[in-house]
Amino acid sequence: MDNTKAYWAQRYATQQTGWDIGHVATPLKSYFDQLTDKTLRILIPGAGNAYEAEYLWKLGFKHLTVLDIASAPLAALKKRVATFPNQQLICNDFFTHTGVYDLIIEQTFFCSFPPTTQNRSAYAQQMANLLAPKGKLVGLWFDFPLTEDLENRPFGGNQHLYLSYLSHYFTPLTFERCYNSIPPRQNRELFGIFRKK
């Protein structure tokens with residue numbers, strides 16, 4: 001974990017955050033706008049600057065937990081949303097996090113760590129571990145080829161590859177290429193809703 005923590009701290013310190021679009025992603029915003037149960041326990045792991053959390057908070061969702069291995073983006077969220085509770089901002093490793101959630105938001109987090117079978121299997125299992133029965137994993141996965149380069153993030157994948165990991169623990173309710181991605185990500189994102197088995 002120490003190397004991972006240092007890696008992401010360095011990326012934020014040097015502003016190498018090309019994935020940061022500066023606002024909530026359109027496909028996720030559209031999904032959030034349809035949610036009516038404000039009591040949902042929501043986790044956003046690998047949240048980065050957490051524009052999704054900011055948006056949900058302003059919609060009235062208060063049972064939000066924001067998790068990132070780097071402290072800088074959590075501090076940035078707190079600066080933007082002063083009322084966000086400190087105890088709901090957690091600087092820790094996703095793979096050691098504990099809790100029970102009704103909904104977990106995936107914002108290309110899967111594509112942020114080296115794409116080994118071990119890592120991706122652990123991701124799928126940990127997502128399932130953190131969800132309550134019938135809980136949902138909802139979000140965005142990058143849809144572009146996975147190369148042999150294990151250094152340059154984000155790492156790619158495709159629908160078939162992701163399902164090979166997720167289908168052990170989840171039933172896909174929808175998993176399709178986004179129709180409402182921002183222009184730079186057009187035809188490069190998949191939107192999925194998965195229910196825990």
Side-chain angles (χ1 to χ4, degrees), residues 8 11-12 15-38 40-70 72-81 84 88-90 94 101-113 115 123 127 130-131 135-146 152-159 161-163 166 170 172-195:
W8 290 109
R11 289 290 295 260
Y12 283 101
Q15 298 184 339
Q16 294 180 44
T17 54
W19 65 84
D20 189 325
I21 62 174
H23 57 82
V24 60
T26 310
L28 291 174
K29 179 181 181 296
S30 297
Y31 177 77
F32 297 157
D33 288 344
Q34 299 171 45
L35 295 176
T36 56
D37 183 359
K38 302 292 173 68
L40 287 171
R41 297 166 295 175
I42 303 173
L43 172 67
I44 307 179
N49 282 310
Y51 304 107
E52 289 72 28
E54 180 178 2
Y55 187 75
L56 285 164
W57 185 260
K58 290 176 178 176
L59 285 179
F61 292 88
K62 301 305 180 189
H63 303 287
L64 279 171
T65 300
V66 179
L67 175 68
D68 203 281
I69 201 164
L74 300 176
L77 173 61
K78 183 66 177 179
K79 189 172 182 179
R80 296 193 318 268
V81 187
F84 203 96
Q88 289 167 235
L89 295 169
I90 300 175
F94 163 74
Y101 301 94
D102 304 303
L103 175 63
I104 299 179
I105 302 302
E106 160 66 46
Q107 167 56 301
T108 62
F109 173 52
F110 184 93
C111 303
S112 70
F113 44 80
Y123 163 99
M127 285 293 189
L130 291 169
L131 282 167
K136 290 179 181 175
L137 170 62
V138 175
L140 297 170
W141 287 259
F142 279 131
D143 186 20
F144 53 76
L146 177 63
N152 289 324
R153 304 163 199 241
F155 301 106
N158 58 45
Q159 185 187 59
L161 180 72
Y162 300 139
L163 286 173
L166 295 171
F170 297 95
L173 303 182
T174 186
F175 195 37
E176 303 292 339
R177 181 167 282 174
C178 292
Y179 66 88
N180 57 352
S181 295
I182 62 171
R185 295 186 179 178
Q186 200 71 44
N187 298 318
R188 290 167 59 86
E189 289 181 310
L190 297 164
F191 176 76
I193 301 176
F194 295 87
R195 178 181 289 134

Can you tell me if [X] uses its side chain to pair, donor with acceptor, with the backbone of [Y] under 3.5 Å?
X	Y	value
Glu52	Tyr55	no
Gln88	Lys62	yes
Tyr162	Gly157	yes
Glu54	Ala50	no

[X] side, atom [atom1]; [Y] side, atom [atom2] - distance, nearest 0.5 Å:
X	Y	atom1	atom2	result
Leu67	Leu74	CG	CG	8.0 Å
Leu35	Leu40	CG	CG	6.5 Å
Ile105	Phe32	CD1	CZ	4.0 Å
Glu189	Tyr179	CD	OH	12.5 Å
Thr108	Leu190	OG1	CG	12.0 Å
Thr65	Tyr101	OG1	OH	3.5 Å

Classify the ring geometry of [X] against [Y]: parallel below 30°, tilted from 30° to 60°, perpendicular beyond 60°.
X	Y	value
Phe109	Phe94	perpendicular
Trp57	Phe84	tilted
Tyr123	Phe110	perpendicular

State, with a plain yes or no, whether a side-chain heavy atom of [X] is found less than 4.5 Å away from one of [Y].
X	Y	answer
Asp33	Lys29	yes
Asp143	Asn158	yes
Phe61	Asp37	no
Leu166	Pro172	no

For [X] and [Y], work out which heavy atoms get closest and say how close.
X	Y	result
Glu106	Leu137	CB-CD1, 4.0 Å
Gln107	Ala25	NE2-CB, 3.5 Å
Tyr51	Val24	CB-N, 3.5 Å
Gly139	Leu28	CA-CD2, 3.7 Å
Lys38	His63	O-CD2, 3.9 Å
Val66	Ala53	CG2-CB, 3.5 Å

Notebook entry, point to check: Do the ring centers of Phe194 and Trp141 come within less than 6.0 Å of each other?
Noted result: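 Centroid distance Phe194-Trp141: below 6.0 Å, so yes.
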Item checked: Of Leu131, Asp102, Leu103, the residue whose pairing with Arg41 passes side chain to side chain contact (heavy atoms under 4.5 Å, CB included) -> Asp102
